[in-house]
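Okay, structure first, notes after.
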Amino acid sequence: MPVTVRSFAKINLGLRIGAAREDGFHELLTVYQTIGLHDVIRVSVGRGAGIEIRCADPRVPRDESNTCFRIVEKALRVLKAKRRVVVAIEKRLPVQGGLGGASANAVAALLALERALKKKLPATDRLRIAAEVGSDLPLFLVGGTVLGVGRGEQVYPLQDLPAMACVVVTPEVGVSTPKAFAEWDRRMGGSALRLGEPAELRPAGQPRAVVPTRGEMLPAKKPAQLRPHTSRDRIVELGRGLSAWLSETYSSAPSDLLAGRGRAENPLLWLVRAGIENDFEQVVFPEYPELSEGKRALERAGAVYASLSGSGSTLYGLFRSRAEAAKAAGRLRREGWAALASVTLTRRAYWKKFLVSSF
Ligand code: C5P
């Protein structure tokens, strides 16, 4: 019997890129936030074998490269279930990157499959399978405000904050995530660092020879062992801001940080003040000036905070009220931007609204 679920999108409330790792990924520190925009996923199981992906949107692949295909294949193997599975994707989200659309689709398909099969995967298997398909899948197994570390796949629920109005802008630009990471590496000192263990872990006075696998050697002026330190420092800096934010929101101790700012304000705005920013802006904005223009348009339309989401091209703004967000979205559309008003989704709302129907 078919199971229908909502596959909600996410935005990144800040993202810091750390050092490149030996496995080709980068250390990350980010805060994911689920929002109300969503696709609809319907999963049905029957006799036989094979996985079929149905989607009317020609931009969505229907072969084994589809994230839903990949996750269903893995889940069937772990569950030792031999069934024919049909995943129907009703695409409502803009397909531009940064919203985690394909990642959310996969997690929605996984959970709908478990329900359709009346079988449950252990939570650790679920997280592992999701992380194997992509770094930003596991967050959708948590929902709400989620801390992401490692390559973004290690996820920890943060406290459920009140919903906040937002506007999502999706410019018609495709940003390649691997290319954006590569450009970040280039700016941070070259791909030679890919090989190196973090310099700060080496005993003082024992610099290790850095041999590049690809790309050029580092210029002599920039000592290689200092660069990962810089990446790491950036992560530590955001980590400190988040710690301050968490300890402030979890404890009732008075703090200078918030003195005079008023506790009636949405705590998400305190997070903004913790110094969140998205490192991808530094490499993506120079390449696509229309995206920094989009961020400025959101700010002009009244956003209290505006940012690129993930590696883009999605931009978002946070607003003080739904009315202000709706007005801003209207204004942005009149200016020619593809803009949608939405609201951040608490973990409770995410799971309450997740299941549409199950027969
Ligand atoms: O995990 P995901 O499939 O989303 O990653 C896509 C690509 O983005 C990876 O192959 C890698 O090149 C890059 N990436 C990275 N560091 C991360 C996440 C992704 O370098 N933390």
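Counting starts at 1 for both ligands and their atoms, in listed order. Remember, predicted model here, so these are calculated numbers, not experimental data.
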Residue [X] vicinity, atoms of ligand 1 by number, heavy atom under 4.0 Å:
X	value
Arg151	1 (O), 17 (C), 18 (C), 21 (N)
Gly24	20 (O)
Leu28	21 (N)
Phe25	1 (O), 5 (O), 9 (C), 14 (N), 15 (C), 16 (N), 17 (C), 18 (C), 19 (C), 20 (O)

Do the ring planes of His38 and Phe8 sit parallel (below 30°), tilted (30 to 60°) or perpendicular (above 60°)?
perpendicular
Using 30° and 60° as the class boundaries, would you call the ring planes of Phe280 and Phe181 parallel, tilted or perpendicular?
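Ring orientation, 0 to 90° scale: perpendicular.
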Candidate list Leu113, Thr4, Val86, test side-chain contact (heavy atoms from CB on, under 4.5 Å), partner Ser44, passing option
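The passing option is Val86.
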Indicate whether the side chain of Glu153 and that of Ser135 have a donor and an acceptor atom separated by less than 3.5 Å.
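There is no such pair (donor and acceptor under 3.5 Å, judged by atom type) between the side chains of Glu153 and Ser135.
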CZ of Arg322: more than 12 outside heavy atoms within 6.0 angstrom?
no
Tell me whether the count of non-hydrogen atoms from other residues, nucleotides or ligands lying under 6.0 Å of CZ in Arg347 goes above 12.
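For Arg347, atom CZ is crowded (more than 12 foreign heavy atoms under 6.0 Å).
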side-chain hydrogen bond (donor to acceptor under 3.5 Å, both in side chains), that's the test. Do Thr314 and Ser309 meet it? Break it down for me.
CA-CA 6 Å; Thr314 298; Ser309 186; over 6 Å; no
Test item: Lys10 side-chain N/O and Gly98 main-chain N/O as donor-acceptor pair under 3.5 Å:
yes
Main chain of Gly24, side chain of Arg151: is a donor-acceptor contact present, judged purely on distance under 3.5 Å?
no
Distance from [atom] to nearest protein heavy atom, with residue and atom:
atom	result
atom 15 (C) of ligand 1	Phe181 CE1, 3.3 Å
atom 12 (O) of ligand 1	Pro178 CB, 3.8 Å
atom 16 (N) of ligand 1	His26 N, 2.8 Å
atom 1 (O) of ligand 1	Ser135 OG, 2.6 Å
atom 8 (O) of ligand 1	Thr177 CG2, 3.7 Å
atom 3 (O) of ligand 1	Gly134 CA, 4.0 Å

Please check whether Asp136 reaches ligand 1 - meaning an N/O of the residue sits under 3.5 Å from an N/O of the ligand, judged on distance alone.
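By distance alone, the answer is no.
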So, 4.0 Å and heavy atoms of Gly152: is ligand 1 close enough to count as a contact?
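So Gly152 does not count as touching ligand 1.
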Mark whether atom 6 (C) of ligand 1 lies under 4.0 angstrom from at least one protein heavy atom.
no
